[in-house]
Amino acid sequence: VRINSDVLGSAAAEHERILREIESTDTNCIGPTLRSVYDGQEHGLFMEKLDARIRNHDREIEKMCNHHFQGFVDSITELLKVRGEAQKLKSQVTETNRRLQDDGKDVSGIQCRVQQRNIATTIDKLTHCLPVLEMYGRLQEQMKAKRYYPALRTLEQLEQTCLPRAGQYRFCSIMAENIPRLRTQIRDTAMTQLRDFLESIRKHSDKIGETAMKQDAAAALGTESGGQGGIPVSEQDSGILDVEEDEEEEDEGLRDVFENYYRKQRRKQARLVLQPHSNMGYGFPVSQLFDMLLEMREQYGEILLKRWNITFRQVLDQDNYSPIPVSTEQEYRSYTAQFPLQDPDLDKLPFPKKLPFSEFVPKVYCQLKEFIYACLKYSEDLHLSSTEVDDMIRKSTNLLLTRTLSHCLQYGIKKKNVGLAELVQVIINTTHLEQSCHFLEEFISNITNVPPDTVNATKLYGTSTFKDARHAAEAEIYTSLNAKIDQFLQLADYDWTAPVPAGGAPAASDYLVDLIAFLRSTFSVFTNLPGKVAQTACMSACKHISTCLLQLLLDPEVRYVSMGALHQLNTDVHECESFARAGPVAGFQGDTLLLAFSDLRQLLDLFTQWDWSTYLADYGKPSCKYLRVNPNTALTLLEKMKETSKKNNVFAQFRKTDRDRQKLIDTIIKQLRNLIAQHQT
């Protein structure tokens with residue numbers, strides 16, 4: 001009996017285990033469980049237990065249906081009531097629309113009459129305003145044609161007649177305020193033309209005198225022959241002050257000003273003409289000539305700067321931004337003769353080989369020397385000391401470097417067709433030009449015979465000029481690189497509601513694979529750059545990628561974020577970290593480059609590993625595993641996951657696991673809010 005009871009007890013326990021497996025196992029995997037039932041000897045006893053378990057579940061289902069039945073009936077009743085109310089609302093809207101259409105017909109008629117009245121009023125006002133505008137346009141044409149007296153008459157008519165009739169409009173007020181300024185402008189322009197006329201007389205005084213002598217001789221001949229004598233030119237004015245008969249009412253005071261100025265300038269010109277020539281090396285003083293030449297030196301310098309500005313721009317436009325290939329010793333010596341290149345390692349390399357800089361460098365260096373020669377040529381025979389000549393050349397060269405060449409370099413850097421490879425070459429070019437500045441110092445000292453260490457000697461600013469251009473090119477590299485990264489990131493198309501992949505981690509996104517390939521190719525070009533520039537560009541690019549990916553995740557337009565989407569983003573970040581760990585640019589110590597992705601990495605680890613207990617317990621501690629995760633960021637992302645859970649699980653309240661997950665998310669959200677509130681206070 002005891003043996004039978006033990007057997008029955010073990011059979012009952014086995015049947016209970018099988019029933020639990022049937023309840024919890026997926027239907028696709030229930031075959032082995034059923035086979036164990038049929039293989040057993042107590043088949044009838046198991047069927048009795050199965051029937052009892054089925055009846056128990058039926059009773060629970062019946063209880064749940066009875067519990068929710070009344071709510072279902074109430075919902076149907078409410079729905080029927082809403083249908084009736086909706087029909088009433090539809091009828092009311094239809095009636096309201098009909099009445100609104102009827103009333104709108106009357107309103108449109110009223111609006112039409114108002115518009116007609118407004119049109120008539122507008123036409124009347126324009127009738128008074130158009131003469132003002134026509135008069136003002138005529139004034140502008142007269143000033144452009146340099147007909148100043150008619151312009152003054154038009155201005156007077158506009159002020160006294162047209163503007164008062166037009167009325168109080170803003171443009172009329174502006175015109176009235178501008179009338180004194182226009183009158184002054186006409187007076188100043190007329191005075192400027194008078195000065196230009198007098199200057200022209202002074203410039204061509206020899207020809208004018210010759211013509212005057214011929215006319216005077218012809219007039220004397222005519223008088224002797226009984227003809228009508230001519231009036232000497234000196235007694236006639238040039239006609240610049242002649243006016244027409246209708247101009248006799250012009251202000252006499254203003255006329256007196258012009259006449260007095262004209263006569264005073266003519267007297268000065270006469271005295272200048274009667275003075276002896278100052279360019280005789282036969283004992284006459286020539287100090288005024290040298291003073292004039294010294295005064296013209298600045299103007300000549302400006303002319304040279306404009307000429308070299310065009311030359312530098314042509315050199316920039318023609319440059320191919322590529323290292324210079326040399327295949328023979330003769331070619332190599334030709335370039336080193338144009339530019340002082342000192343590179344023992346490059347000298348040892350066999351041919352063919354490449355110079356590190358492009359054609360821009362030797363051409364610019366040669367043009368700098370040509371400019372110095374041009375400045376030196378002007379200073380010849382000015383009786384200046386060597387120190388004065390040296391100072392003049394250095395100051396002019398500094399203007400060429402800091403203003404002309406600097407602007408040209410900025411122009412070359414900011415051109416639209418300049419890419420990353422070209423910007424890298426610009427940095428290399430400016431580095432070599434910066435290193436050549438002391439050779440320019442020696443060149444100037446050699447042609448002026450003034451030692452470079454002379455007291456108060458002007459120093460060349462070439463070093464700062466090329467350094468500023470290099471920094472500008474570096475900044476442009478960082479900007480262009482980030483802009484190119486943005487173009488790749490615009491191709492990102494994440495499915496923010498994707499489920500968790502069943503077959504392990506997903507593959508990296510296509511856009512990110514292309515971006516990493518682009519960065520590898522780009523940084524391979526940076527090998528000739530100074531290490532700091534390449535490292536800064538690489539770190540800037542990685543930080544920009546990390547920031548943009550985090551912005552994509554926290555974008556307010558992304559309302560739902562699933563765990564599957566986080567796994568996809570986590571894979572992409574792993575791809576970025578692999579790129580950073582591979583060391584695309586030399587010089588980084590350890591995993592320094594990985595720090596660019598540390599904020600995003602800790603955030604993704606927190607969510608994918610669901611390690612909230614550690615985060616909440618260690619928050620604020622220096623040794624916290626998720627030290628870089630901001631609670632506000634975590635709260636934002638968690639709320640998006642909560643919305644996703646609600647959206648995907650419409651009947652979540654009927655499954656215990658989903659209800660537990662929702663409760664857990666709500667609990668974590670509450671704890672995060674309390675944490676944020678504590679640190680804000």
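Side-chain contact between Leu316 and Cys408: present, with at least one pair of heavy atoms (C-beta onward) separated by less than 4.5 Å. Contact of the Val424 side chain with the Tyr321 side chain is not registered, since no non-hydrogen atoms from C-beta on lie closer than 4.5 Å. Ile427 places a side-chain heavy atom less than 4.5 Å from the side chain of Ile477. You'll find the side chain of Leu512 reaches within 4.5 Å of the side chain of Leu515, heavy atoms only. Counting only heavy atoms from C-beta outward, the side chains of Thr430 and Phe360 never approach each other to under 4.5 Å. Looking at heavy atoms from C-beta onward, Leu139 lies in side-chain contact with Leu155 at the 4.5 angstrom threshold. At a threshold of 4.5 Å between non-hydrogen side-chain atoms, the residues Leu440 and Lys369 count as touching. When side chains are defined from C-beta on, Leu346 counts as touching Pro356, because their heavy atoms get closer than 4.5 Å.
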Identify all side-chain donor-acceptor contacts of residues 442-450 below 3.5 Å with residues at least two apart in sequence or on another chain.
unit_1, atom_1, unit_2, atom_2, d
Ser445, OG, Arg394, NH2, 3.1
Ser445, OG, Glu441, O, 3.1
Ser445, OG, Val450, O, 3.2
Asn446, ND2, Glu442, O, 3.0
Thr448, OG1, Asp390, OD1, 2.8
Thr448, OG1, Ile444, O, 2.7

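Heavy atoms of other residues, nucleotides or ligands lying less than 6.0 angstrom from NZ of Lys395 number 12 at most. Residue Lys543 places its NZ atom among 12 or fewer non-hydrogen atoms of other residues, nucleotides or ligands, all under 6.0 Å distant. Open room surrounds OH on Tyr373; 12 or fewer heavy atoms of other groups in view lie less than 6.0 Å from it. Residue-environment remark: CD (Gln185) exceeds the threshold of 12 foreign heavy atoms within 6.0 Å.
Of the possible donor and acceptor atoms, one in the side chain of Ser379 sits under 3.5 Å from a partner among the backbone N and O of Leu376. Put simply, the side chain of Gln568 gets close to the backbone of Ala507: a donor and an acceptor are under 3.5 Å apart. No donor-acceptor pair under 3.5 Å is formed between the side chain of Ser334 and the backbone N or O of Gln330. Side chain of Ser546 to main chain of Ala596: a donor-acceptor pair is present (N/O by atom type, distance under 3.5 Å, no hydrogens or angles). Of the possible donor and acceptor atoms, one in the side chain of Ser436 sits under 3.5 Å from a partner among the backbone N and O of Leu433. Between the side chain of Asp572 and the backbone N or O of Ser509 there is at least one donor-acceptor pair closer than 3.5 Å. In this structure, Glu575 contributes its side chain and Ala508 its backbone to no donor-acceptor pair below 3.5 Å. Of the possible donor and acceptor atoms, none in the side chain of Ser521 sits under 3.5 Å from a partner among the backbone N and O of Ala517. Judged purely by atom type and a 3.5 angstrom limit, Asn429 has no side-chain atom pairing as donor or acceptor with the backbone of Val361. Under a 3.5 Å cut-off, the side chain of Ser598 and the backbone N or O of Leu595 do form a donor-acceptor pair.
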Item to check | Stepwise side-chain contact (heavy atoms from CB on, under 4.5 Å) check, Leu603 with Leu553 | outcome: CA-CA 11 Å; Leu603 180 66; Leu553 187 61; 4.2 Å; yes
Next on the checklist: Checking Tyr335 against Glu359 for the side chain to side chain donor-acceptor pair (under 3.5 Å) test, could you report, in this order, the C-alpha distance in whole Å, the side-chain angles of both residues, the deciding distance, and whether it holds?
Outcome noted: CA-CA 9 Å; Tyr335 282 110; Glu359 292 279 353; 2.7 Å; yes
Next on the checklist: Between Tyr365 and Phe439, does the ring pair (Phe, Tyr, Trp, His ring centres under 6.0 Å) criterion hold? Intermediate values first, please.
Outcome noted: CA-CA 10 Å; Tyr365 189 82; Phe439 292 101; 7.5 Å; no
Checklist entry - Can Ser327 and Glu331 be said to form a side chain to side chain donor-acceptor pair (under 3.5 Å), step by step? => result CA-CA 7 Å; Ser327 56; Glu331 283 184 317; 2.9 Å; yes
Next on the checklist: Run the side-chain contact (heavy atoms from CB on, under 4.5 Å) test on Leu304 and Ser396 for me, step by step, so that the C-alpha distance in whole Å, both residues' side-chain angles and the decisive distance to 0.1 Å come before the verdict.
Outcome noted: CA-CA 9 Å; Leu304 290 180; Ser396 300; over 6 Å; no
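Listed by first then second residue, pairs satisfying salt bridge (Lys or Arg N to Asp or Glu O under 4.0 Å) with a partner in residues 335-347 number zero, not counting sequence neighbours. Note on residues 302-316: pairs passing salt bridge (Lys or Arg N to Asp or Glu O under 4.0 Å), not counting sequence neighbours, are Glu302-Arg403.
Residues passing the salt bridge (Lys or Arg N to Asp or Glu O under 4.0 Å) test with Lys144: none are found, sequence neighbours excluded. With sequence neighbours excluded, the residues forming a side-chain contact (heavy atoms from CB on, under 4.5 Å) with Pro325 are Lys354, listed by chain and number. In terms of the side-chain contact (heavy atoms from CB on, under 4.5 Å) criterion, Asp510 has no residue partners (sequence neighbours excluded).
Between Leu593 and Phe597, the closest heavy-atom pair is O-CD1, 4.3 Å. Closest approach of Ala473 to Leu423, counting heavy atoms only: CB-O, 4.3 Å. For Thr465 against Leu401, the heavy-atom pair with the smallest separation is CG2-O, 3.1 Å.
Between Phe371 and Trp308, the ring-plane angle classifies as perpendicular under the 30° and 60° cut-offs.
Each of Val573, Val629, Leu594 was compared with Arg601 under the side chain to side chain contact (heavy atoms under 4.5 Å, CB included) criterion, and only Val573 meets it.
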